[in-house]
Engineer: 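Below you'll find the structure I mean.
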Amino acid sequence: MIPLGGLGEFGMNCLALRWQDDIIVIDAGLMFPEEELLGVDIVVPDISYLIENRSKVRAIILTHGHEDHIGGLPWILSELNVPVYGTEFTLALVEGKLDEHRLLDNAELIEMLAGRRFTLGPFSILPIRVTHSLVDCVALAIHTPVGVVLHTGDFKIDLSSPDGKPFDLQAFADLGKQGVLALLQDSTNVDRPGYTPGEKAVIPRLDEIFGSTKKKLFFSCFSSSIHRIRIAMELAHKHGRKVAVIGRSLDNSTEIAQDLGYLEIPQGLLINPSQLRDFAPDKLCILISGTQGEPMSALSRAAVANHKHAKIEAGDTVLMSSRIIPGNEKPIYRVIDHLERRDAHVIHDDGTSGLIHVSGHGSQEELRLMINLVRPKFFIPIHGDYRHLKRHAELAAATGIPDKVMLLEDGDILELDKSEARKNGKVTTGRVCIDNGSTADVVEDLVIRDRKHLSEDGIFIPLIAINKRTGAVEGLPEITTRGFAVEDADLLRNARDIVVRTLENSSAEEKRDYGVIKEKIRNDLKRFIQKSANRRPLIMPVILEI
């Protein structure tokens, strides 16, 4: 057993299981970069080990469709074209992703069903239905020549799932009776005592909000939270509100969920965003993406009155039904500030708003329950920073059930037989940084990438002076370039005009939000320079406060 990602960090989940000359891979995730990885779009695991053993890799098996489990697939499949197994909804998400990277035609996607076993070489794999914040998720019971390896995937124990497909406790109890060699269990919520509430636990408080809202209700949640979208639509229908969906990711996942029968939308409930002005405010619910304060998301743009359809006005309610992902606090609170300036009523998960969001991961009691049900010989915590893995290992050891608890990190080789588990060496692992979301643009080394970028296309620095008090632009923007040969004098003049136009089309509120305004200037200049000069300089807008 060789973890290639996801042990020692959140995201990038990827694990290889090998018996002699056969390897199967569980999950192929990505991780979003930290702030210091400038210009990098995504981070995926280093799969050197799989490439070195490409003839032995039989397949990639996916537990569910979140980005930290499927997002690295385009990169991995471009290097290693092997069959991919997943449930129906997971494969629907994968198809869209591979199509975007022009890899779909050559990909072999095979649907697996919970409860139906299939065989790959010496491995016999039984997918087991689990519940999570996404639909169609499974754990994997992998029968190997030395015993059963059980990989939980991401899970919580929800026996009343909104889609009518509850957590399959019986299947885990049956495995426990047969005997499990090793349990690999999700560590995400190991710090949380008790049980994680089921998805339906949010209904009473959300129902109350839908009932008491006098004007428009903007409902924001993760685009993958199909259960939450379903609950929002049911409540909108109950309270006589029409629903408009705004945001590409939400639109996409709602469409897939509808096609596959996970969302049954009553006739006439959905309206086009362009029809919003045709209805009274108290008859509208707008599902909107951007719950993490992403600069160009629909909610961020609506918060500064820069969205074509989503107009947030005084007295409207904005409900953010999601948790704050650590590291995203600043942009989220910035969006909330903008919304408060519009006199909108903002309800977010701050511990005082009642139960408007529940986690998709099991808390301590569920983790203990799983260990008690399965009674594994060996226990390996997965998915999390080192502190989570360590806490989880301590929790498992305290149950007194596993003979041995193994704390692994990325690259560790764990050898298992029927009676013993031992670490035996390491393989090469690490992070591969990918630029522009393209499988071709791998950032081998950040410094080299930056130097190369600057040497080829130079740097383009628009300097804008903004009055801190009024948000007004002082004088004309100036543009400084280095390493960017300007053959056409009109180019700089036109570039300055582009910056002026972007500023003119931005509200005073946007101009005071330097994150938003810099992103707008960067995007507009990038398009203009690429079109006019076929170049991609590093564009670094500088705002001078006056």
Side-chain angles (χ1 to χ4, degrees), residues 1 15 17 19 24 26-27 59 61-64 85-90 110-132 134-161 163-187 195-196 198-199 360-383 392 395-406 416-419 421:
M1 185 184 297
L15 181 121
L17 214 55
W19 171 266
I24 55 170
I26 299 167
D27 288 332
I61 307 162
L62 305 172
T63 57
H64 68 285
Y85 287 77
T87 56
E88 183 182 41
F89 189 83
T90 304
I110 301 162
E111 190 184 329
M112 62 186 188
L113 295 168
R116 191 171 294 178
R117 210 191 268 205
F118 62 97
T119 303
L120 288 167
F123 304 105
S124 174
I125 298 136
L126 175 69
I128 302 171
R129 171 86 52 214
V130 296
T131 43
H132 182 41
L134 188 64
V135 295
D136 222 1
C137 306
V138 290
L140 301 170
I142 302 153
H143 296 254
T144 76
V146 292
V148 176
V149 172
L150 177 59
H151 188 295
T152 66
D154 284 357
F155 80 98
K156 69 174 178 184
I157 298 176
D158 189 348
L159 300 177
S160 60
S161 182
D163 62 1
K165 294 176 179 176
F167 186 92
D168 193 348
L169 269 178
Q170 188 58 51
F172 289 101
D174 291 345
L175 276 173
K177 286 174 196 162
Q178 294 162 27
V180 168
L181 179 69
L183 171 62
L184 287 76
Q185 184 164 268
D186 173 22
S187 309
Y195 291 89
T196 301
E199 281 296 319
H361 300 269
S363 299
Q364 288 174 2
E365 292 308 316
E366 284 148 286
L367 302 178
R368 284 194 187 97
L369 175 57
M370 183 68 101
I371 294 167
N372 278 295
L373 266 181
V374 168
R375 307 193 70 78
K377 190 174 182 62
F378 306 120
F379 180 86
I380 300 109
I382 54 172
H383 303 169
H392 201 173
L395 179 144
T399 64
I401 291 171
D403 289 357
K404 199 172 186 180
V405 174
M406 304 294 298
L416 297 150
D417 58 32
K418 288 177 183 176
S419 57

Engineer: Is there a donor-acceptor pair under 3.5 Å between the side chain of Ser124 and the backbone N or O of His143?
Structural biologist: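 Not at all, since once roles are kept as given, no pair shorter than 3.5 Å links the two residues.
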Engineer: Answer yes or no: is there a donor N or O on one side and an acceptor on the other, between the side chain of Asp27 and the main chain of Thr63, under 3.5 Å?
Structural biologist: yes
Engineer: Roughly how far, to the nearest 0.5 Å, is OH of Tyr85 from CD1 of Ile110?
Structural biologist: 3.5 Å
Engineer: Stepwise, does the side-chain contact (heavy atoms from CB on, under 4.5 Å) test hold for Leu62 with His64?
Structural biologist: CA-CA 6 Å; Leu62 305 172; His64 68 285; over 6 Å; no
Engineer: Is the shortest heavy-atom distance from the side chain of Arg375 to the side chain of Leu183 under 4.5 Å?
Structural biologist: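 Of all side-chain heavy-atom pairs linking Leu183 with Arg375, none is under 4.5 Å.
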Engineer: Once rounded to the nearest 0.5 Å, what's the spacing between atom OG1 of Thr119 and atom CZ of Arg117?
Structural biologist: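 The OG1 atom of Thr119 sits 7.5 Å away from the CZ atom of Arg117.
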Engineer: Return the minimal non-hydrogen interatomic distance between Asp158 and Glu199, and the atom names on each side.
Structural biologist: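 Minimum heavy-atom contact is OD2-N, 2.9 Å.
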Engineer: Evaluate the side-chain proximity of Leu140 to Ile61: yes if any heavy-atom separation is below 4.5 Å, no if none is.
Structural biologist: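 Yes, side chains in contact.
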Engineer: Can you name the residues that form a ring-ring contact (aromatic ring centres under 6.0 Å, His included) with Tyr195, not counting sequence neighbours?
Structural biologist: none
Engineer: Could you tell me if Thr196 and Ser363 have a donor-acceptor pair between their side chains, going purely by distance under 3.5 Å?
Structural biologist: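 Distance-only check passes for Ser363 and Thr196.
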Engineer: Quick check, are the ring centers of His361 and His132 under 6.0 angstrom apart?
Structural biologist: yes
Engineer: Tell me the closest heavy-atom pair linking Asp417 and Phe378, and the distance in Å.
Structural biologist: O-CE1, 4.1 Å
Engineer: As an exercise, state the distance from CE of Met370 to CZ of Arg368, rounded to the nearest 0.5 Å.
Structural biologist: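 Going from the CE atom of Met370 to the CZ atom of Arg368 covers 15.0 Å.
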Engineer: Regarding Asp186 and Lys156, does a basic nitrogen lie under 4.0 Å from an acidic carboxylate oxygen?
Structural biologist: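 Here Asp186 does not pair with Lys156 in a salt bridge, since their nearest N and O are not under 4.0 Å apart.
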Engineer: Keeping to residues at least two apart or across chains, list the side-chain hydrogen bond (donor to acceptor under 3.5 Å, both in side chains) pairs with something in residues 175-185.
Structural biologist: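 Passing the test, one end in residues 175-185: Gln185-His392.
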Engineer: If you look at every heavy atom in Phe89 and Asp136, which pair is closest and at what distance?
Structural biologist: N-OD2, 2.9 Å
Engineer: Report the residue from Val180, Ile401, Leu416, Leu181 that forms a side-chain contact (heavy atoms from CB on, under 4.5 Å) with Lys377.
Structural biologist: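 For Lys377, the side-chain contact (heavy atoms from CB on, under 4.5 Å) test succeeds with only one of Val180, Ile401, Leu416, Leu181, which is Leu181.
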Engineer: If you take all heavy atoms of Met112 and Pro127, which pair is closest and at what distance?
Structural biologist: SD-CG, 4.0 Å
Engineer: Quick one: CG on Asp163 to OG1 on Thr131, what's the gap to the nearest 0.5 Å?
Structural biologist: 9.0 Å
Engineer: At their closest point, which heavy atom of Thr87 faces which heavy atom of Val138, and how far apart are they?
Structural biologist: CG2-CG1, 3.8 Å
Engineer: Yes or no on side-chain contact (heavy atoms from CB on, under 4.5 Å) for Lys165 and Val135, after CA distance, side-chain angles and deciding distance?
Structural biologist: CA-CA 9 Å; Lys165 294 176 179 176; Val135 295; over 6 Å; no
Engineer: Are any non-hydrogen side-chain atoms of Ser161 and Phe167 less than 4.5 angstrom apart?
Structural biologist: no
Engineer: What verdict does the side-chain contact (heavy atoms from CB on, under 4.5 Å) test give for Phe172 and Val130, after you've listed the backbone C-alpha separation in whole Å, the side-chain angles of each residue and the deciding distance to 0.1 Å?
Structural biologist: CA-CA 10 Å; Phe172 289 101; Val130 296; 3.7 Å; yes
Engineer: Just how far is it from atom CE of Met1 to atom NE2 of His151, taken to the nearest 0.5 Å?
Structural biologist: 9.0 Å
Engineer: Report yes if some heavy atom in the side chain of Ile26 is under 4.5 Å from a heavy atom in the side chain of Ile142; otherwise report no.
Structural biologist: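 When only atoms from C-beta onward are counted, Ile142 and Ile26 do touch, with a gap below 4.5 Å.
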Engineer: Let me confirm one number: the CG-CG distance from Asn372 to Leu367, rounded to the nearest 0.5 Å.
Structural biologist: 11.5 Å
Engineer: Going through the distances and angles, do Phe118 and Leu120 end up as a side-chain contact (heavy atoms from CB on, under 4.5 Å)?
Structural biologist: CA-CA 7 Å; Phe118 62 97; Leu120 288 167; 3.9 Å; yes
Engineer: Minimum heavy-atom separation for Ser187 to Pro381, with atom names?
Structural biologist: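 Minimum heavy-atom separation between Ser187 and Pro381: OG-CB, 3.5 Å.
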Engineer: When you compare the side chain of Val374 with that of Leu150, does any pair of heavy atoms fall below 4.5 Å?
Structural biologist: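 Side chain of Leu150 against side chain of Val374, heavy atoms only: contact under 4.5 Å found.
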